[in-house]
Colleague: 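Before anything else, here's the structure in question.
Note that the structure is predicted; figures quoted are calculated from it, not measured.
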Amino acid sequence: MEKVAFIINPFSAKRNYQPFLTELHAKVKNPLYYISESILGTDDFIHNHFDEIDIFVAIGGDGTISTVARNLINTQKILAIFPAGSGNGFSNETNFSKNLDELLEKLKRKKSRKIDTFTINGRLSINVSGTGFDGKVVKEFEKTTRGFKNYIKVSLKTFFKYKPKKVKFLDEKYKEYDGKYLMVNIANTRQFGNNAYIAPHASKSDGLVDMVLVKKFPITYSPLFAFRMFTKKLKDDNYITYLPISEVEFKVNTKNWHIDGEFNKIKSPIHVKVQPSSLNILI
């Protein structure tokens with residue numbers, strides 16, 4: 001398979017990437033692949049093969065995909081995915097499955113389309129990023145062995161202790177939304193991962209992201225919130241506000257963020273900016 005490179009995050013999928021590699025060798029003659037040791041190593045591999053490769057395949061979760069994608073922004077190079085993370089939100093939203101035969105068929109066709117991405121203080125995000133409660137959850141979740149059950153346990157434990165964060169918008173037209181929020185999410189696609197749809201109407205190709213402002217709600221509201229999130233029915237109500245934006249600046253009194261599910265420290269003020277049609281993705 002010429003002009004295709006596979007980049008494997010060996011720490012994704014409980015570090016069990018060998019079955020993928022075995023199947024790849026069985027179905028592709030002399031595949032070009034790289035088992036990543038670090039973000040810098042991935043960057044170097046892409047840079048060293050950039051001219052000769054048309055499609056870079058990320059094997060990992062949203063964080064791995066984002067690392068590969070940032071090297072391909074505003075180029076004609078194509079991103080492809082074999083999902084191997086704990087949530088796989090972005091791959092779910094871009095129709096990539098854990099079926100290597102399906103992926104190889106797509107790679108043969110080489111059809112692609114442009115989608116949006118966005119930045120948070122210059123840091124690339126392709127899926128959903130946030131601060132507040134979910135930023136704290138990601139920080140604590142990274143201390144566990146991951147997995148959906150651990151995510152739920154950490155979320156419940158954090159919810160009862162977490163104090164809402166103050167958000168202050170710098171743009172006058174958003175001043176009415178100043179206040180305290182349990183979490184603030186910036187959504188380029190609809191879901192965090194694991195089919196948890198935080199922004200069911202978000203589109204990755206409309207030049208906008210959905211800013212999701214969630215106030216702390218009573219525990220009695222939790223079942224309804226969870227039901228709506230997993231059935232794509234979350235909507236504006238007394239606790240949730242959706243703001244479609246192309247660019248926004250605000251301050252928030254926490255540095256804890258997650259970008260595509262990976263914990264980050266980011267200082268306020270926060271500048272979010274959409275990059276329309278900036279990433280070429282395999283279809």
Side-chain angles (χ1 to χ4, degrees), residues 1-73 75-110 112 117 123-127 138 141-148 150-151 193-194 258-264 279-282:
M1 187 160 287
E2 296 179 2
K3 298 189 174 182
V4 176
F6 298 84
I7 299 171
I8 300 168
N9 179 354
F11 305 107
S12 291
K14 298 180 181 179
R15 307 189 180 198
N16 187 21
Y17 65 90
Q18 196 59 51
F20 168 83
L21 201 51
T22 300
E23 187 179 5
L24 181 66
H25 277 292
K27 294 178 176 178
V28 177
K29 185 178 180 181
N30 298 322
L32 175 62
Y33 67 90
Y34 171 66
I35 300 174
S36 177
E37 297 176 353
S38 64
I39 291 174
L40 181 59
T42 295
D43 292 343
D44 286 344
F45 175 83
I46 294 173
H47 177 75
N48 292 336
H49 292 86
F50 196 80
D51 292 339
E52 70 201 61
I53 297 299
D54 291 336
I55 306 174
F56 291 90
V57 185
I59 298 94
D62 286 351
T64 305
I65 297 163
S66 186
T67 297
V68 175
R70 73 178 189 179
N71 290 278
L72 313 182
I73 294 296
T75 74
Q76 292 306 308
K77 304 300 180 181
I78 300 170
L79 172 71
I81 301 162
F82 186 88
S86 54
N88 300 317
F90 187 74
S91 56
N92 290 344
E93 290 293 287
T94 48
N95 300 313
F96 287 96
S97 70
K98 294 183 179 182
N99 185 315
L100 184 56
D101 289 329
E102 285 183 11
L103 176 60
L104 294 177
E105 281 301 313
K106 287 183 178 183
L107 290 171
K108 287 178 183 177
R109 292 196 299 266
K110 289 190 175 182
S112 64
T117 61
R123 303 186 197 195
L124 178 71
S125 178
I126 57 174
N127 196 52
V138 167
F141 183 51
E142 288 189 347
K143 299 175 184 177
T144 72
T145 54
R146 296 215 166 201
F148 186 56
N150 279 335
Y151 185 82
N194 292 307
H258 74 86
I259 295 183
D260 297 328
E262 301 291 327
F263 180 72
N264 278 254
L279 179 63
N280 212 14
I281 192 158
L282 193 71

Colleague: Can you run down the salt bridge (charged side-chain N to carboxylate O under 4.0 Å, His left out) pairs that involve residues 29-40, sequence neighbours left out, and say none if there aren't any?
Modeller: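 The answer is none; no pair qualifies.
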Colleague: Can any side-chain N or O of Asn9 pair as donor or acceptor with the backbone N or O of Ile7 at less than 3.5 Å?
Modeller: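 Not confirmed, Asn9 side chain does not pair with Ile7 backbone.
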Colleague: Is there a side-chain contact (heavy atoms from CB on, under 4.5 Å) between Leu100 and Leu103 once you walk through the steps?
Modeller: CA-CA 5 Å; Leu100 184 56; Leu103 176 60; 4.1 Å; yes
Colleague: To the nearest 0.5 Å, tell me how far Ile126 CD1 sits from Leu279 CG.
Modeller: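 It comes to 7.0 Å.
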Colleague: Residues in side chain to side chain contact (heavy atoms under 4.5 Å, CB included) with Asn30, at least two apart?
Modeller: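 Asn30 satisfies side chain to side chain contact (heavy atoms under 4.5 Å, CB included) with no other residue.
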Colleague: Are Asn280 and Leu72 side-chain neighbours, meaning at least one heavy-atom pair lies under 4.5 Å?
Modeller: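 No, their side chains stay 4.5 Å or more apart.
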Colleague: Any chance you could measure Ser97, atom OG, to Lys106, atom NZ, to the nearest 0.5 Å?
Modeller: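 NZ of Lys106 is found 7.0 Å from OG of Ser97.
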Colleague: Could you pull out all residues at least two apart from Asn127 that satisfy side-chain hydrogen bond (donor to acceptor under 3.5 Å, both in side chains)?
Modeller: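 Partners of Asn127 under the side-chain hydrogen bond (donor to acceptor under 3.5 Å, both in side chains) test: Asp62, Thr189.
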Colleague: Under the side chain to side chain contact (heavy atoms under 4.5 Å, CB included) test, which residues partner Ser125, sequence neighbours left out?
Modeller: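 For Ser125 the side chain to side chain contact (heavy atoms under 4.5 Å, CB included) partners, ignoring immediate neighbours, are Phe118, Ser129, Ile259, Asp260.
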Colleague: List for me each residue that meets salt bridge (Lys or Arg N to Asp or Glu O under 4.0 Å) alongside Glu23, sequence neighbours excluded, and say none if there are none.
Modeller: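 Here the qualifying residues are Lys27.
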Colleague: Looking at every heavy atom in both Ile59 and Ala84, which two are closest together, and how far apart are they?
Modeller: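 In terms of heavy atoms, the two residues are closest at CG2-CB, 4.2 Å.
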Colleague: Report, as yes or no, whether the 6.0 Å neighbourhood of atom NZ on Lys110 holds more than 12 heavy atoms from other residues, nucleotides or ligands.
Modeller: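 For Lys110, atom NZ is crowded (more than 12 foreign heavy atoms under 6.0 Å).
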Colleague: Please identify each residue that fulfils side-chain hydrogen bond (donor to acceptor under 3.5 Å, both in side chains) with Thr75, with sequence neighbours left out.
Modeller: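 By the side-chain hydrogen bond (donor to acceptor under 3.5 Å, both in side chains) rule, Thr75 matches no residue at all.
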Colleague: For residues 45-58, tabulate all N or O donor-acceptor pairs below 3.5 Å that involve a side-chain atom, not counting sequence neighbours.
Modeller:
residue: Asn48; atom: ND2; partner: Asp44; partner atom: O; Å: 3.1
residue: His49; atom: ND1; partner: Phe45; partner atom: O; Å: 3.0

Colleague: Taking only residues two or more places apart in sequence, or in another chain, which ones meet Lys108 in a salt bridge (Lys or Arg N to Asp or Glu O under 4.0 Å)?
Modeller: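 Lys108 satisfies salt bridge (Lys or Arg N to Asp or Glu O under 4.0 Å) with Glu105 once adjacent residues are dropped.
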Colleague: Going by the rule side chain to side chain contact (heavy atoms under 4.5 Å, CB included), which residues pair with Glu2 if we only count those two or more places apart in sequence or in a different chain?
Modeller: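 Residues passing side chain to side chain contact (heavy atoms under 4.5 Å, CB included) with Glu2: none at all.
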Colleague: Please walk me through it: do Phe6 and Phe20 pass side-chain contact (heavy atoms from CB on, under 4.5 Å)?
Modeller: CA-CA 11 Å; Phe6 298 84; Phe20 168 83; 4.1 Å; yes
Colleague: Report the residues that fulfil side-chain hydrogen bond (donor to acceptor under 3.5 Å, both in side chains) with Thr42, sequence neighbours left out, ordered by chain and then residue number.
Modeller: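 side-chain hydrogen bond (donor to acceptor under 3.5 Å, both in side chains) check on Thr42 returns Ser36.
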Colleague: Please set out all donor-acceptor pairs under 3.5 angstrom arising from side-chain atoms of residues 88-96, sequence neighbours excluded.
Modeller:
residue: Asn88; atom: OD1; partner: Gly85; partner atom: N; Å: 2.8
residue: Asn88; atom: ND2; partner: Gly85; partner atom: O; Å: 3.3
residue: Ser91; atom: OG; partner: Asn88; partner atom: O; Å: 3.1
residue: Asn92; atom: ND2; partner: Asn88; partner atom: O; Å: 3.1
residue: Asn92; atom: ND2; partner: Gln191; partner atom: OE1; Å: 3.4
residue: Glu93; atom: OE1; partner: Arg190; partner atom: N; Å: 3.3
residue: Glu93; atom: OE1; partner: Arg190; partner atom: NE; Å: 2.8
residue: Glu93; atom: OE2; partner: Arg190; partner atom: NE; Å: 3.4
residue: Glu93; atom: OE2; partner: Arg190; partner atom: NH2; Å: 3.1
residue: Glu93; atom: OE2; partner: Gln191; partner atom: NE2; Å: 3.0
residue: Thr94; atom: OG1; partner: Phe90; partner atom: O; Å: 2.7

Colleague: Let me see the working for Asp43 and Arg70 under side-chain contact (heavy atoms from CB on, under 4.5 Å), right down to the final yes or no.
Modeller: CA-CA 9 Å; Asp43 292 343; Arg70 73 178 189 179; 2.5 Å; yes
Colleague: Look at atom CG of Leu104 and say whether more than 12 heavy atoms of other residues, nucleotides or ligands are closer to it than 6.0 Å.
Modeller: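 For Leu104, atom CG is crowded (more than 12 foreign heavy atoms under 6.0 Å).
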Colleague: Applying side-chain contact (heavy atoms from CB on, under 4.5 Å), run through Ile78 and Ile281 and close with a yes or a no.
Modeller: CA-CA 5 Å; Ile78 300 170; Ile281 192 158; 5.7 Å; no
Colleague: For Leu21, give me all partners under side chain to side chain contact (heavy atoms under 4.5 Å, CB included), at least two apart in sequence or on another chain.
Modeller: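 For Leu21, the residues satisfying side chain to side chain contact (heavy atoms under 4.5 Å, CB included) (neighbours in sequence not counted) are Ile8, Tyr17, Gln18, Leu24, His25, Tyr33, Ile35.
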Colleague: What are the two closest non-hydrogen atoms of Ser38 and Gly41, and how far apart are they?
Modeller: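 Closest approach of Ser38 to Gly41: OG-N, 2.9 Å.
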